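This report refers to the structure that appears directly beneath it.
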2 protein chains.
Amino acid sequence: MSIKLSIVEDQKDIREMLEALFKGSSNIQFQKSFADAESALNELPDLNSEVVLVDIQLPGKTGIDLIKQLSESMQSTQFIVCSSIEDSETIFEALRAGANGYILKSETPSKLVESVYEVQNGGSPISTQIARKVIGSFKDKEVPSSDWKNLSNREKEILDLLSKGFRYKEVAIKLFISTDTVRTHIRNIYEKLQVNSRTEALNKVYPRN
Amino acid sequence: MSIKLSIVEDQKDIREMLEALFKGSSNIQFQKSFADAESALNELPDLNSEVVLVDIQLPGKTGIDLIKQLSESMQSTQFIVCSSIEDSETIFEALRAGANGYILKSETPSKLVESVYEVQNGGSPISTQIARKVIGSFKDKEVPSSDWKNLSNREKEILDLLSKGFRYKEVAIKLFISTDTVRTHIRNIYEKLQVNSRTEALNKVYPRN
DNA sequence: AGACAAATCACATCTTTATGTGATCTATTG
DNA sequence: CAATAGATCACATAAAGATGTGATTTGTCT
């Protein structure tokens, strides 16, 4: 079973290098290469490629936009970004756009070929430097803001209920205390967090990116 | 420069296999292996290992808890999870706990060794199957909830400001409309979302995991 | 023993939000 | 053209939230 593969890469020398590489690889059926997003957008849907290698920096529309558009119509196609960009935001955007892999151009040819096999086998090939950035984004998430650490257990409990949208009265019932006590806790929470509304407190403690 | 390495793995046969593997690898200085989290917790801080390979399923405390505790005191040490668990939640927890890599036990010995080198070079070795789960968590994030899509542009604009903690009056000023209009929009938003408070609306449209 | 943080409750006041019931104007669409 | 959705504004009321100023109790830490 050979894998139908196309590539989108504007730099002629790299494109031809990749072409030669994949044409010479077993189990890969090289289909076509494109030098820009527009032509890829037109022709790729008809090719039914199983895997598409996409560069990000393209003339005009970026590879990320290309993936975003194509991945909606070509659900069974896997897109691998092949770029030298290591910027976190770019990486995240590409992954959100629908990329199933992100490998650096600096990888060895054999790794590039292997990536194609891997993505077809249900894996997501990612260069380790890229993976580090991706993993980094996880860590931030659970870094309890110093604000949060300064809250007492009871205060955390109450703020947690507030975050779920409960009213003071409901919190009071849940915790078997009076709503006046809930108020007091919330007043103290606000003071510790230096805010003065529920939403501000939540944004401070559970930031949404 | 050989890398100081320790491992935490309760299964004797696997532990001895890994030991043999790394003892026979160049540029790796095998230090010690542990069969449970407790002994690792006691002795590892003194070993100053540069890389520690950690299994998740251990008797008593899990490898995740171990990493969580150790990574606080051993900032310059890199932890790689080596497990057969492919469950998304476990993966995320491990990464949040401080793991810098997550490889499956099914990887070939040479990949295991390579992972140690990679993590020391600033990369994050991740098995491609694991990477797929990690990437998957990115995609969900930008899936606009159907609720969100049903809001008009103006409504989205207003809800966005509400999410930042602005009061009706402030929203009104920002958008050059009256606070009564803001109220009306919010009433309509709540009706579309089937909620009846700011926090509920935000939780519906921007869920926090 | 004294200071301090945490948890509990009370009362008062003022602001913000939520909800009900209108209305006008503009596009868009069947 | 009529219906519908969107954006705008108004007035009114009730509920929820924020703020100020108290107080008591129970721990913990020095």
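Chain naming here is simple, since letters A, B, ... match the order of the sequence lines and numbering starts at 1 in each. Because the structure is a prediction, the values reported are computed rather than measured. Hydrogens, waters and symmetry mates are skipped; everything else that's a heavy atom, side chains included, is used.
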Which whole-number value in Å describes the distance from [X] [atom1] to [N] [atom2]?
| X | N | atom1 | atom2 | value |
| --- | --- | --- | --- | --- |
| A/Leu161 | D/dG17 | CG | C1' | 16 Å |
| A/Asn150 | C/dA5 | CG | P | 12 Å |
| A/Ile186 | C/dT16 | CD1 | P | 17 Å |
| B/Lys149 | D/dA5 | NZ | P | 18 Å |
| B/Tyr168 | D/dG17 | OH | P | 11 Å |
| A/Glu191 | D/dG20 | CD | P | 9 Å |
| B/Lys169 | C/dT17 | NZ | C1' | 13 Å |
| B/Glu200 | C/dA18 | CD | P | 10 Å |

Using a cut-off of strictly less than 4.0 Å, decide whether [X] has a side-chain nitrogen or oxygen near OP1 or OP2 of [N].
| X | N | result |
| --- | --- | --- |
| B/Arg198 | C/dT17 | yes |
| B/Lys192 | D/dG6 | yes |
| B/Tyr190 | C/dT19 | no |

Mind listing the closest non-hydrogen atom pair of A/Ala35 and A/Arg15 along with its distance?
CB-NH1, 3.4 Å
Compute whether any side-chain donor of one residue and acceptor of the other, for [X] and [Y], lie under 3.5 angstrom apart.
| X | Y | result |
| --- | --- | --- |
| B/Gln120 | B/Glu50 | yes |
| B/Ser33 | B/Glu9 | no |
| B/Thr181 | B/Thr184 | no |

With sequence neighbours left out, which residue pairs that include part of residues 29-88 of chain B fulfil the ring-ring contact (aromatic ring centres under 6.0 Å, His included) condition?
none
Partners passing side-chain hydrogen bond (donor to acceptor under 3.5 Å, both in side chains) against A/Thr128 (at least two apart in sequence or in another chain)
none
Measure from the side-chain heavy atoms of B/Asn196 and tell me the nearest of D/dA7, C/dA7, C/dA18.
C/dA18
Listed pairs, N/O of protein and of nucleotides 8-11 of chain D, under 3.5 Å:
from   : atom 1 : to       : atom 2 : distance (Å)
D/dT8  : OP1    : B/Arg154 : NE     : 3.3
D/dT8  : OP1    : B/Arg154 : NH2    : 2.8
D/dT8  : OP2    : B/Arg154 : NE     : 2.9
D/dT8  : OP2    : B/His185 : NE2    : 2.9
D/dC9  : OP2    : B/Ser178 : N      : 2.7
D/dC9  : OP2    : B/Thr181 : OG1    : 2.9
D/dC9  : O5'    : B/Thr181 : OG1    : 3.4
D/dC9  : N4     : B/Thr184 : OG1    : 2.8
D/dC11 : N4     : B/Asp180 : OD1    : 3.2

Where the side chain of A/Ser197 meets the backbone of A/Glu200, is there a donor-acceptor pair that is under 3.5 Å apart?
yes
